[in-house]
Amino acid sequence: MMSEKEIKIESPRVRFAPSPTGYMHMGSARTALFNFLVAKKYKGTFLLRIEDTDSERSLPEYEADIFEQLRWLGLHPDEESIRQSSRSDLYEGVIKQLLSENKVFRCFCDKAELEEERQRQILEGKAPKYKGTCAHLTENEIQQKIDAGLPSVIRLRVPPQKTSFQDLIRGEVKVDLDLVGDFVIAKSEHQPLFHLATPVDDHYQGITHIIRGEDHIPNTAKQMMIFKAMGWNVPVFAHLPLILGEGGGKMSKRHGSTSVREYRQAGYLPEALNNFLVLLGWHPKDDREILSLDNLIAQFDIERVQKKGAVFNVSKLHFLNRHYMKQKSSDELLSLAALPDGMYEKEGKYIGKNGIQLTKQDLIKIIELGKERAHTIGELFSSALFLWEDFDYDAQLLLWKDYGAEKVRLALQQTLAVFEQADDASCKNQAIKLSLDDLSSDKGLVYWPLRVALSGLKQSPPPLDIVSILGKEKSIERIKKAICKLSTKF
RNA sequence: GGUCCUAUCGUCUAAUGGUUAGGACAUCGCCCUUUCACGGCGGCAAUACGGGUUCGACUCCCGUUAGGACCA
């Protein structure tokens with residue numbers, strides 16, 4: 001049975017350590033979030049470390065993206081970030097010490113031969129493992145090979161024993177080091193590999209808890225060996241389950257976006273993303289799932305994290321995003337949204353494709369209507385395109401229920417009369433509603449054709465809301481056009 | 001292929017030996033209503049399978065199956 005003792009975490013130092021080899025992935029964002037939450041909850045420190053030992057694949061553009069998205073999500077590191085590529089002296093020192101203590105050895109084996117050997121082992125159904133050819137060379141033999149100019153790598157001596165480590169989420173995880181073998185920690189004294197650089201930095205940065213994806217479980221055993229070889233304290237581990245794609249497999253481009261920036265560009269709010277991500281693998285005790293970052297800091301507990309991988313379910317993200325959009329004022333949303341396609345600002349007026357001139361107040365009104373319907377910031381304007389874009393529609397659309405064209409035309413004409421008698425102000429403040437309501441006992445007979453006349457759509461915001469933005473003249477123009485359509489078509 | 005990890009509604013999950021197996025999203029129905037949306041109310045829906053342990057298993061143990069990760 002798993003240990004029941006309460007997990008005590010005191011002033012933890014945790015780190016988020018991504019490799020800048022691509023735009024920040026949603027899975028990385030969640031790892032960062034969980035690290036951040038543990039740090040804040042237990043009054044600890046959250047650090048960012050860029051793991052760019054792979055100089056071929058690490059790009060400045062990707063590194064910048066990591067900083068940018070973390071900032072946007074509100075996951076600010078507590079200390080200045082470090083970059084592995086600028087700490088070579090540190091790794092070199094460790095490698096030299098390990099070399100002098102004979103805890104590592106130089107391996108001169110030919111790459112191609114090793115690969116051949118590995119293939120053979122796999123075919124035989126064994127775990128591929130280094131045989132130890134160079135593990136016991138004498139000083140002389142080593143010097144000879146070096147003098148002969150043979151290339152070499154540096155391997156750690158790994159005792160063939162069974163061991164285990166404690167994981168905050170999974171309990172004890174067992175590892176058979178015999179299957180690992182003497183693995184490569186550096187290409188040379190000056191070129192550390194991932195398995196060396198990571199534990200060295202974790203030690204020198206005083207990391208107490210390593211919270212990362214479960215894809216690192218196999219790495220943990222290796223990194224633990226470095227800690228032990230150096231006589232350092234091994235940190236506590238917590239391996240998060242992975243985020244899965246819609247089909248249950250790895251989250252991939254095929255099923256939609258995978259990077260934070262794509263969701264941001266599509267108009268998702270950081271509040272929604274954080275809230276969504278934390279629910280992938282964690283759940284609050286009281287079932288109240290709408291949680292701000294502050295709420296999360298108060299409630300989060302790493303021991304309640306799920307062990308199973310979680311499927312990335314976009315519809316819940318939609319739901320949360322809409323929730324947070326509704327919380328924001330329309331003013332605020334306007335500042336987050338880009339102007340609709342083709343619209344531009346000129347002297348405080350917003351000019352649409354069809355020449356319409358809107359005020360900022362109009363835009364705010366439009367967003368007020370849009371936020372009930374939009375899933376994302378990007379969709380905020382999409383329920384009102386007909387205001388500033390030309391449109392056409394089938395006259396058939398104007399008909400309400402099974403009333404004939406003549407009856408509808410009559411109703412529209414009466415509507416037109418009401419508009420013509422009203423002034424612009426009573427259009428904009430919807431005072432004309434009283435007169436329009438009086439026109440018929442069947443409100444649909446009045447409002448349905450009006451909706452279509454104004455928007456060209458069968459699904460739109462309420463007609464009077466449209467009128468309040470369009471004003472008297474533009475409304476009349478559209479109603480006349482509709483009457484004309486009815487007359488010619490029928 | 002080997003090693004490791006995992007298994008509750010379609011999805012995210014709650015319930016750590018005794019519950020009518022709870023909630024959220026999605027979905028469906030009803031109400032509101034001039035359409036869509038919002039909102040309100042309600043419905044459908046799960047312990048992978050087989051063995052144990054136990055008075056009693058979602059819960060503990062073993063096996064099977066399935067999925068995932070790593071080696072790549």
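For the numbers below, each heavy atom of this structure counts, side chains included, while hydrogens, waters and symmetry mates do not. In the text below, chain A, chain B and the rest are named by the order of the sequence lines, each starting its count at 1.
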Who is the Watson-Crick or G-U wobble partner of [N], with both distances under 3.5 Å?
N     : answer
B:U27 : B:G43
B:C32 : none
B:G1  : B:C71
B:A66 : B:U6

Hey, would you say the A:F36 and A:Y42 ring centroids sit under 6.0 Å apart?
-> no

Kindly state whether the ring of A:F276 and the ring of A:F319 have centres lying under 6.0 angstrom apart.
-> no

Give me the distances for all protein-to-nucleotides 41-49 of chain B N/O pairs that come in under 3.5 Å?
none

Kindly assign one of parallel, tilted or perpendicular to the pair A:F165 and A:F237, based on the angle between their ring planes and the thresholds 30° and 60°.
-> perpendicular

Is the count of non-hydrogen atoms from other residues, nucleotides or ligands lying under 6.0 Å from A:D341 atom CG greater than 12?
-> no

Give every residue pair that meets the salt bridge (Lys or Arg N to Asp or Glu O under 4.0 Å) criterion with at least one member in residues 308-326 of chain A, sequence neighbours excluded.
-> A:E289-A:K316

Pairs satisfying salt bridge (Lys or Arg N to Asp or Glu O under 4.0 Å), at least one member in residues 383-394 of chain A, at least two apart | A:K353-A:E389, A:D392-A:K485, A:D394-A:K489

Selected nucleotide, minimal atom distance to [X] side chain, candidates [options]:
X      : options             : value
A:Q459 : B:U6, B:U35, B:U11  : B:U35
A:L179 : B:G39, B:U3, B:U34  : B:U3
A:E289 : B:A24, B:U13, B:C38 : B:A24
A:D287 : B:G22, B:C36, B:C12 : B:G22

Distance-only side-chain donor-acceptor flag, A:H318 / A:N321, under 3.5 Å | no

Answer yes if the side chains of A:T198 and A:E51 hold a donor-acceptor pair under 3.5 Å, and no otherwise.
-> yes

Listed once per pair and sorted, the side chain to side chain donor-acceptor pair (under 3.5 Å) pairs that draw on residues 18-27 of chain A, sequence neighbours left out = A:Y23-A:E61

Could you tell me whether the side chain of A:R373 has a donor or acceptor atom within less than 3.5 Å of a complementary atom in the base of B:C36?
-> yes

Please list each protein N or O that sits under 3.5 Å from an N or O in nucleotides 69-72 of chain B, with the distance.
residue	atom	partner	partner atom	Å
B:A72	OP1	A:R118	NE	3.2
B:A72	OP1	A:R118	NH1	2.4
B:A72	OP1	A:R118	NH2	2.8

With rounding to whole Å, what would you report as the distance between [N] and [M] at their [atom1] atoms?
N     : M     : atom1 : result
B:U53 : B:C58 : P     : 16 Å
B:U33 : B:U19 : C1'   : 41 Å
B:A14 : B:A7  : P     : 11 Å

Return the residues of residues 316-325 of chain A meeting this criterion: a heavy atom under 4.0 Å from some atom of RNA chain B. Order them by number, or give none.
-> A:K316, A:F319, A:R322

Say whether, by atom type as modelled, one donor and one acceptor occur between the side chain of A:D176 and the main chain of A:D178 under 3.5 angstrom.
-> yes

Taking the side chain as C-beta and beyond, is there a heavy-atom pair between A:F386 and A:R478 under 4.5 Å?
-> yes

